[in-house]
Amino acid sequence: MGVKTSDDDSGIMSDINVTPFVDITLVLLIIFMVAAPMIMNQAIKVNLPKASTGQASDTTTVAITIKKGGAVFLNGKEADPSEMEQFLRSEAKANKEVRAIVSADSEVSHGLVVSYLDLLNRCGISKYAVSVV
């Protein structure tokens with residue numbers, strides 16, 4: 001008579017092996033993480049129609065950036081203080097709701113940043129924010 005031992009592998013396996021599923025899921029996650037920035041950069045450009053009853057938005061935002069060496073940029077273009085003052089005055093005159101965002105390098109002196117905030121006030125722009133990380 002044969003004695004059945006516990007080492008016999010002929011029985012039915014009732015456990016589900018999830019290791020291959022986890023492996024495939026992790027590989028797909030990595031693929032999507034790598035591909036997502038490429039997909040996001042390819043925005044579809046659409047020429048939107050103009051509505052005859054629509055109104056243009058009155059809110060304008062002006063960006064002032066002060067770099068470490070003291071170079072100042074207005075909306076991404078380098079500008080000197082006289083050009084900047086003229087532009088800011090015309091923006092404030094054209095739109096009372098104009099806003100400004102001031103971004104300065106952490107090594108720029110506090111006094112220089114305050115002088116540009118003062119320039120905004122002199123030009124009539126009282127709504128501004130200082131950009132931080």
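What you see is a predicted model; the values in this text were computed from it and never measured.
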Going from CZ on Arg99 to OG on Ser126, what distance comes out if it is rounded to the nearest 0.5 angstrom?
10.0 Å
What pair of heavy atoms forms the shortest contact from Ala92 to Cys123, and how long is it?
CB-O, 3.2 Å
Answer yes if Leu119 and Ile101 sit in the same cluster of Ile, Leu, Val, Met, Phe, Trp and Tyr residues linked by side chain heavy atoms under 4.5 Å apart, and no otherwise.
no
Under the side-chain hydrogen bond (donor to acceptor under 3.5 Å, both in side chains) rule, what pairs show up with a residue in residues 70-83, not counting sequence neighbours?
Asp80-Ser82
Between Thr65 and Val72, is any pair of side-chain heavy atoms under 4.5 Å apart?
no
Salt bridge (charged side-chain N to carboxylate O under 4.0 Å, His left out) contacts touching residues 105-114 (sequence neighbours left out)
Lys68-Glu107
Ignoring hydrogens and angles, write down the donor-acceptor pairs under 3.5 Å from the side chains of residues 19-31, residues two or more places apart or on other chains.
from	atom 1	to	atom 2	distance (Å)
Thr19	OG1	Asn17	OD1	3.2
Thr25	OG1	Phe21	O	2.7

Other hydrophobic cluster members with Val114, side-chain heavy atoms of Ile/Leu/Val/Met/Phe/Trp/Tyr under 4.5 Å, chained?
none
Between Tyr128 and Asn121, is there a side-chain heavy-atom distance shorter than 4.5 Å?
yes
State which residues pass side-chain contact (heavy atoms from CB on, under 4.5 Å) with Leu112; sequence neighbours excluded, sorted by chain then number.
Ile66, Val108, Ser109, Ser115, Tyr116
In the hydrophobic clustering that connects Ile, Leu, Val, Met, Phe, Trp and Tyr at side-chain heavy-atom distances below 4.5 Å, which members other than Phe73 occupy its cluster, ordered by chain and number?
none
Would you give the length of the straight line joining atom CD1 of Ile125 to atom CD of Glu91, rounded to the nearest 0.5 angstrom?
7.5 Å
Between Val98 and Leu88, is there a side-chain heavy-atom distance shorter than 4.5 Å?
no
